[in-house]
Amino acid sequence: MKSLKPIIFAAIFIASMTTVGCSDTKTKPSSPETETIDQTISPESISFEWQKSYQDKLDEFKKSDAFTSDSAFDIFDLNDDGNPELIISQGTEKNSACEIYTYSGGSLSSLGTAGFEGYFDFLPEYKLTREEYHGDGFLLGKFRQLEGEEFIDFLTYSDNSESASSGVSIKHEINGQEVLLTEYESKLAPYVDTLTMHLGRKYTFGDDAENYAIRRAESWGAVLGSNRKAKCKKKLLEIADEMGTDKKNASFELCDLNGDDTPEIIVSSGSSINSSCSVYYFSGNDIEQLDGEYGRYGRLLFDIGSLVFYNESETGMTYWSIADSGFTADKYKSSGSIMETGRRFALTTAGIDASLV
């Protein structure tokens, strides 16, 4: 197996890529017998009951007056019951909330809305959503938890300390009760530094994006064979161990960057502006790392239709591909089917296990 590591010429707007493809699919010998390479199967051969209902809801939304070119959607399991929820974001206006749907008992039902500016936060460690509204000198926030088919308020908070210069009386409230600043900070402290995911705008409305979200993205745990699952778990635990205490906001995602029905492993170091992603790939049953670091804010933008991943910055765009050895960024045209990747699961034992179910 030749290395998949690309020779990268990445320049703003005119980046060009050269990749070295795979030839023989041989694995390193194991003792005492040669390890069997897991058979590759199409993720689209895996079916889930919710798929048709979610596709129908997306089609219905696209025909509605609420749909715009700024609309997006997400599919994410909010309560670890094995069935992901469908999240539709109308747009990014300040008061734009996400519509959330769930599938249970053979039918689709609405869970209401959440968030502002087309997204809401989710804290996987606590299984809580977080919504914050920043007004003129004040903050309103709440944590909610999905119980059955209903969101229940877990904790609400408010603070107007940003109005201090105007001479108003400063108040801090927890669950509607005024408290001292020390108690206010103490109540919120557990949720400040925990891993936070932004949900609602993972996928654009494009045919390839919809197909990937509904028929591919949720299937990798079923697609990977036992050998590759074991290698994947071992590698991710090794990465987490190497990060040590720095892994607090680290995450990862399985995503097929080259369309070969075998996912790459995208590991995100965090969510700050300078956080990047590392990309790992299967070589037989072994896992190797792609040279370099990619992305921004701990995520990659991936054009599913064109099999190109990239990141945006103030100075322009940088593009990469491991699917096409003749790819040059100056010829790149968006397919319109874009997704964010890298921040789907927490880089913890629980997150790793959940990704491989």
Side-chain angles (χ1 to χ4, degrees), residues 43-44 46-122 129-133 142 144-151 197-220 253 255-256 299-306 312 334-344:
E44 294 179 38
I46 310 300
S47 62
F48 301 98
E49 288 187 11
W50 50 264
Q51 288 172 316
K52 184 180 185 304
S53 293
Y54 285 5
Q55 182 67 70
D56 289 346
K57 177 54 68 173
L58 292 177
D59 292 342
E60 176 187 307
F61 175 73
K62 285 190 295 183
K63 295 176 183 177
S64 73
D65 293 337
F67 176 71
T68 70
S69 59
D70 194 34
S71 297
F73 72 98
D74 208 334
I75 294 179
F76 194 93
D77 189 350
L78 294 172
N79 58 0
D80 279 353
D81 67 351
N83 281 327
E85 278 61 54
L86 172 64
I87 305 163
I88 296 179
S89 169
Q90 292 186 11
T92 54
E93 296 294 327
K94 188 165 186 175
N95 291 322
S96 291
C98 295
E99 300 173 1
I100 307 175
Y101 300 89
T102 193
Y103 183 88
S104 178
S107 63
L108 184 76
S109 58
S110 173
L111 296 175
T113 62
F116 302 98
E117 299 181 344
Y119 78 95
F120 62 92
D121 290 338
F122 182 68
T129 66
R130 179 177 63 199
E131 303 164 64
E132 287 189 344
Y133 181 83
K142 63 181 175 182
R144 295 192 298 168
Q145 191 169 45
L146 180 58
E147 294 184 5
E149 297 185 11
E150 184 180 6
F151 279 105
M197 298 178 177
H198 305 304
L199 302 182
R201 303 192 58 79
K202 186 176 182 66
Y203 299 97
T204 63
F205 277 88
D207 290 344
D208 288 323
E210 291 177 42
N211 183 70
Y212 187 94
I214 292 175
R215 299 178 182 86
R216 296 176 67 84
E218 305 300 315
S219 302
W220 299 124
E253 185 165 351
C255 183
D256 185 4
R299 65 189 175 106
L300 294 176
L301 295 173
F302 177 46
D303 187 324
I304 302 165
S306 299
E312 302 172 303
S334 173
S335 72
S337 287
I338 311 299
M339 67 176 286
E340 296 181 355
T341 183
R343 299 194 60 77
R344 177 63 189 276

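Computed from heavy atoms alone, side chains included, the values below leave out hydrogens, waters and symmetry copies. Each residue takes its place number in the sequence, starting with 1.
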Are the side chain of [X] and the backbone N or O of [Y] linked by a donor-acceptor pair below 3.5 Å?
{"X": "E150", "Y": "E147", "answer": "no"}
{"X": "E44", "Y": "R215", "answer": "no"}
{"X": "S71", "Y": "T68", "answer": "yes"}
{"X": "D303", "Y": "S335", "answer": "yes"}
{"X": "D70", "Y": "G91", "answer": "no"}

| message | Taking the side chain as everything from C-beta on, heavy atoms only, tell me whether L86 gets closer than 4.5 Å to F76. | response | no

| If we only count heavy atoms from C-beta on, is the T129 to K142 side-chain gap below 4.5 Å? | no

| query | Is the number of heavy atoms from other residues, nucleotides or ligands within 6.0 Å of NZ (K62) greater than 12? | reply | yes

| said: Tell me whether D81 at atom CG has more than 12 heavy atoms from other residues, nucleotides or ligands lying less than 6.0 Å away. | reply: yes

| request: Please work out whether the ring planes of W50 and Y54 are parallel, tilted or perpendicular, with thresholds of 30° and 60°. | output: tilted

| query | About how many Å separate OG of S104 and CG of N83, when rounded to the nearest 0.5 Å? | reply | 7.0 Å

| query | Which value, rounded to the nearest 0.5 Å, describes the distance between I46 atom CD1 and E218 atom CD? | reply | 12.5 Å

| task | Apply the test side-chain contact (heavy atoms from CB on, under 4.5 Å) to residues S337 and Y212: give CA-CA distance (whole Å), side-chain angles for both, the deciding distance (0.1 Å), then the verdict. | result | CA-CA 9 Å; S337 287; Y212 187 94; over 6 Å; no

| When you look at S109 and E149, which way does the side chain to side chain donor-acceptor pair (under 3.5 Å) test go after all the steps? | CA-CA 8 Å; S109 58; E149 297 185 11; 3.1 Å; yes

Hey, can you pull the donor-acceptor pairs under 3.5 Å for the side chains in residues 110-119, sequence neighbours left out?
from, atom 1, to, atom 2, distance (Å)
S110, OG, G112, N, 3.1

| Ring centres of F73 and F61 under 6.0 Å apart? | no

